[in-house]
Visitor: 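Next up is a structure, given as structure tokens.
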Amino acid sequence: MIEDVICQKLPLNQDNFILLYDPDDMVAGEKIVSRINSCGYTLINYEDPDVFRFYFEQILNKGTDIDETGGDKIILRLTRNTYVPYDIQSIFQEIRITIKEIFPGLSYTVLKEMGSGILNDVYDAYKNYTGLNLGDGETIDFILENVYGIFPDTILTYEDLIKTLIKIYYCGKELPEIILNYLSKRFETHPDFINFPVKKILSGKESFFYYLQQQWELYIKSFFENNIKSDVNFGHADIRVYMDNLFSEGYLTPVHCHEIQRIPVWARDGVIYQEFLDKKKNYEELMEKVRTSLEKVESFKDWWGIASRWAELLVIVSDSNIKKELDLKEFEKTSLHLERCFKEWLLENYGLLSSLSYTAFPVMVHHIPWHIHYRMQKENFKKAALIVFDGMSLDNWIIIKRHLNQSRTWILEENLCFAWIPTMTYISRQAIFSGQVPAYFANTFFSTDNDENHWKRFWMDKGFRADAIYYMRNIKHFDENGLEELVKNQKARTLGLVVNMIDDMVHGGQLLLSGMHQDIKLWLKEGGLERFLLKLSASGYEIYITSDHGNVSAVGQGRLQEGFGVDQAESRVRIYEKSKSHDSALQTFKAFKWKAYGLPQDYNYIICDDNFAYGKFNEKMICHGGTSIEEVIVPFVHVRKGA
């Protein structure tokens with residue numbers, strides 16, 4: 001395992017303070033961070049000298065003398081050239097770890113583009129390699145064959161290419177851009193592929209499935225219209241075998257069909273004929289997958305998969321047409337088991353997440369501006385717009401996504417990330433716009449009024465001019481004064497936008513889940529969101545959509561009018577100054593004390609257990625502030641216009 005090699009290079013248990021130069025972003029995967037943490041070290045990504053000093057002296061409460069730090073052990077990780085003050089350098093043991101050291105026989109240029117997530121698989125293939133040093137193309141072929149099981153010489157037909165990509169993506173693997181470009185150049189000029197959009201399907205996972213969805217719709221139409229033909233032979237045995245799973249896992253969306261008899265039996269999972277029965281079948285399959293997945297969680301990514309399936313279930317359960325036919329007692333039982341398992345995992349693992357790499361995707365919401373900046377540099381795009389839907393849960397996003405997909409206009413590159421706990425707007429949203437853990441903005445902790453200043457400071461620190469950075473909140477219908485002028489502003493390069501419509505629905509306090517979903521659909525029918533996305537795209541913006549936290553259905557266990565966070569929608573948490581007693585919140589209510597990872601240490605954070613809230617006894621409500629999977633795991637989506 002590559003983690004073993006990295007740990008051997010680190011002087012763990014020899015030096016309490018390690019200054020780690022990690023230019024290739026190798027020491028930021030979940031397993032290696034967990035290993036480092038198990039040795040008693042805190043891994044800190046060093047981005048700003050002043051921010052780190054604040055952490056070192058205030059959060060650790062060690063005073064002003066850095067030499068008086070006692071037994072705390074820290075690995076300070078730098079991924080780029082950043083100024084490190086002398087007094088910090090003088091007590092830290094400097095270590096450098098690079099790809100070249102671990103893979104001396106492979107191309108550094110290629111491996112640097114792979115991303116840290118794949119390097120463990122490359123190492124497993126490479127550790128017994130004794131051949132000559134490999135160049136760029138040879139290194140790519142080595143990785144294709146030994147990591148992905150792809151042998152380009154055996155891809156002779158378009159069906160071969162399609163089935164190869166389906167197999168890779170369905171197994172949960174991603175093909176790095178450098179490999180996709182390599183394959184594209186190899187096949188797009190080949191005589192047998194000249195009439196097919198090779199470059200399009202080799203532009204990434206989202207582009208591939210966007211194309212496959214289009215072809216599936218043509219394939220179904222071909223059974224009813226003789227002049228229509230799909231480029232993809234879905235009936236090919238090696239492609240057909242994956243189709244039912246592609247629909248059940250959400251890679252593809254079934255299409256409506258008015259007559260089922262003409263459709264082959266194997267293809268019927270990809271059509272909607274009897275919508276009620278199809279939804280019930282989908283519900284049962286999703287429930288089984290959630291229950292099975294809970295028994296084998298190994299990574300935060302496993303929780304992302306569970307969260308996605310659970311959100312799909314919430315959308316089905318909120319449908320009044322089918323709800324009465326479902327076993328709701330079993331649903332509630334599964335929901336409770338899910339929340340307890342997730343809470344247990346969070347208590348053990350949540351503290352590690354902020355140290356993970358943000359380059360491939362942001363793991364936590366404060367990674368989002370860092371990730372966008374990284375992609376701007378890597379992909380050389382000039383303008384980025386971040387749209388934060390305040391309070392949007394993953395099931396809310398599914399409603400929005402399905403609406404956007406109706407036009408077949410957008411390619412949605414979907415990822416998930418973790419909100420900050422407690423899941424409150426002024427904590428998690430400030431983290432998004434500042435790019436910092438909440439402990440670093442303790443002075444503005446209980447307000448969102450500084451979001452604009454945070455956003456501007458982040459981008460100015462990256463070298464952007466002040467008149468290129470813009471922020472706007474309280475957007476609801478996308479026709480607000482000044483919004484269109486902001487998009488058309490020729491100087492603007494980064495936009496930070498807050499859409500408050502969903503959070504307003506939550507704070508209204510009158511809706512349950514089904515009503516909220518219906519209100520989101522009605523809001524989307526106005527067309528404001530899609531018109532706005534088209535304007536952003538036309539103005540050259542790369543568009544990102546996310547949420548600061550989600551929302552969850554809860555039941556009141558009695559009112560508690562004390563502590564911070566007494567807003568009805570934030571009724572899953574109470575925050576107490578350390579000098580104030582929080583006994584009543586723990587002794588009278590079903591609640592627990594959160595460990596305060598990355599939060600100001602001047603407070604105690606008391607969160608409701610299970611599906612309870614601090615509200616009128618037995619009253620059902622939609623709210624946030626807690627640790628449920630619906631509140632904590634939120635979408636992060638790159639929105640691009642399709643070809």
Side-chain angles (χ1 to χ4, degrees), residues 28-45 55 59-60 74-75 77 293-294 297-308 310 337-358 361-368 370 393-394 415-425 427-432 435-442 445 546-550 552 565 572-573 575 591-601 603-610 624-636:
E30 188 175 9
K31 290 182 179 178
I32 186 63
V33 171
S34 181
R35 286 274 293 273
I36 288 170
N37 184 259
S38 69
C39 294
Y41 288 85
T42 299
L43 179 65
I44 300 173
N45 294 322
Y55 176 91
I59 303 305
L60 296 182
I74 290 175
I75 294 179
R77 190 176 79 101
S293 298
L294 286 174
V297 172
E298 296 181 356
S299 164
F300 71 86
K301 290 184 179 180
D302 295 323
W303 284 113
W304 285 359
I306 293 169
S308 295
W310 188 248
H337 180 55
L338 166 62
E339 303 305 352
R340 289 176 176 175
C341 289
F342 186 56
K343 173 192 165 187
E344 183 179 345
W345 183 87
L346 287 173
L347 290 171
E348 292 296 322
N349 298 279
Y350 185 79
L352 305 178
L353 300 176
S354 63
S355 299
L356 301 183
S357 173
Y358 55 73
F361 45 76
V363 178
M364 295 193 71
V365 292
H366 74 285
H367 292 153
I368 287 173
W370 296 98
S393 60
L394 195 49
N415 280 294
L416 304 178
C417 55
F418 288 82
W420 273 95
I421 299 172
T423 47
M424 305 174 82
T425 299
I427 298 175
S428 211
R429 200 168 85 194
Q430 278 196 89
I432 292 175
Q436 296 176 354
V437 301
Y440 297 161
F441 49 78
F445 190 62
T546 192
S547 170
D548 48 0
H549 58 77
V552 68
R572 297 255 296 152
V573 63
I575 301 176
F592 67 99
K593 182 178 176 182
W594 179 243
K595 287 188 177 182
Y597 301 109
L599 300 173
Q601 300 296 303
Y603 306 97
N604 290 311
Y605 306 85
I606 313 301
I607 295 177
C608 287
D609 252 327
D610 298 337
H624 56 92
T627 59
S628 75
I629 201 166
E630 296 96 325
E631 298 164 284
V632 174
I633 296 180
V634 296
F636 175 73

Visitor: Give the minimum heavy-atom separation between V33 and L352, together with the two atoms involved.
Guide: CG1-O, 3.9 Å

Visitor: Among side-chain atoms of H366 and S354, is any donor-acceptor pair under 3.5 angstrom?
Guide: no

Visitor: Sort and list the pairs that fulfil side-chain hydrogen bond (donor to acceptor under 3.5 Å, both in side chains) and have at least one residue in residues 297-307, not counting sequence neighbours.
Guide: E30-S299

Visitor: Just how far is it from atom CZ of F361 to atom NE2 of H367, taken to the nearest 0.5 Å?
Guide: 11.0 Å

Visitor: Can you name the nearest heavy-atom pair linking F342 to V632, along with the distance?
Guide: CE2-CB, 3.9 Å

Visitor: Partners of N349 by side chain to side chain donor-acceptor pair (under 3.5 Å), sequence neighbours excluded?
Guide: none

Visitor: How are the rings of Y597 and W594 set to each other: parallel, tilted or perpendicular (split at 30° and 60°)?
Guide: perpendicular

Visitor: Roughly how far apart are I74 CD1 and I44 CD1, rounded to 0.5 Å?
Guide: 4.5 Å

Visitor: Is there a side-chain contact (heavy atoms from CB on, under 4.5 Å) between V634 and V365? Walk through the geometry before answering.
Guide: CA-CA 9 Å; V634 296; V365 292; 4.0 Å; yes

Visitor: Stepwise, does the side-chain contact (heavy atoms from CB on, under 4.5 Å) test hold for L294 with H337?
Guide: CA-CA 9 Å; L294 286 174; H337 180 55; 3.6 Å; yes

Visitor: Rounded to the nearest 0.5 Å, what's the gap from CG on L416 to CZ on F300? Could you check?
Guide: 10.0 Å

Visitor: Just wondering, do R572 and E631 contact through their side chains at under 4.5 Å, heavy atoms?
Guide: yes

Visitor: Determine whether I36 and I75 make a side-chain contact, defined as any pair of heavy atoms from C-beta on separated by less than 4.5 Å.
Guide: yes

Visitor: Hey, are the side chains of N45 and L356 touching, using non-hydrogen atoms and a 4.5 Å cut-off?
Guide: no

Visitor: Could you report the tightest heavy-atom contact between E630 and S393, atom names first, then the distance?
Guide: O-CB, 3.9 Å

Visitor: Are the side chains of V363 and C417 in contact, using a 4.5 Å heavy-atom criterion?
Guide: no

Visitor: If you measure from CZ on R429 to OG1 on T423, what distance do you get to the nearest 0.5 Å?
Guide: 14.0 Å

Visitor: May I ask you to decide whether D610 forms a salt bridge with K343, counting only side-chain N to carboxylate O separations under 4.0 Å?
Guide: no

Visitor: Would you name the heavy atoms of I606 and A591 that are closest together and state the gap between them?
Guide: CG2-CB, 3.9 Å

Visitor: Looking only at heavy atoms, what is the nearest atom pair of G550 and S547, with distance?
Guide: N-OG, 4.5 Å

Visitor: For the atom pair CD (Q436) and CH2 (W370), what is the distance rounded to the nearest 0.5 Å?
Guide: 8.0 Å

Visitor: If we only count heavy atoms from C-beta on, is the F592 to I607 side-chain gap below 4.5 Å?
Guide: yes

Visitor: Is the backbone N or O of W345 less than 3.5 Å from a side-chain atom of Y350, with the two atoms forming a donor-acceptor pair by type?
Guide: no

Visitor: Is there a side-chain contact between R35 and Y41, using heavy atoms and a 4.5 Å cut-off?
Guide: no

Visitor: Apply the test side-chain contact (heavy atoms from CB on, under 4.5 Å) to residues V297 and C341: give CA-CA distance (whole Å), side-chain angles for both, the deciding distance (0.1 Å), then the verdict.
Guide: CA-CA 10 Å; V297 172; C341 289; over 6 Å; no

Visitor: Of the non-hydrogen atoms in V573 and G625, which two are nearest, and what is the gap between them?
Guide: CB-O, 3.5 Å

Visitor: With the side chain counted from C-beta on, respond yes when T546 and P635 share a heavy-atom pair under 4.5 Å apart, and no when they do not.
Guide: no

Visitor: Using side-chain heavy atoms (C-beta onward) and a distance below 4.5 Å, is Y605 in contact with L599?
Guide: yes

Visitor: To the nearest 0.5 Å, how far apart are NE2 in H549 and OG in S628?
Guide: 11.5 Å

Visitor: Would you check, one step at a time, whether the test side-chain contact (heavy atoms from CB on, under 4.5 Å) holds for N604 with I575?
Guide: CA-CA 6 Å; N604 290 311; I575 301 176; over 6 Å; no

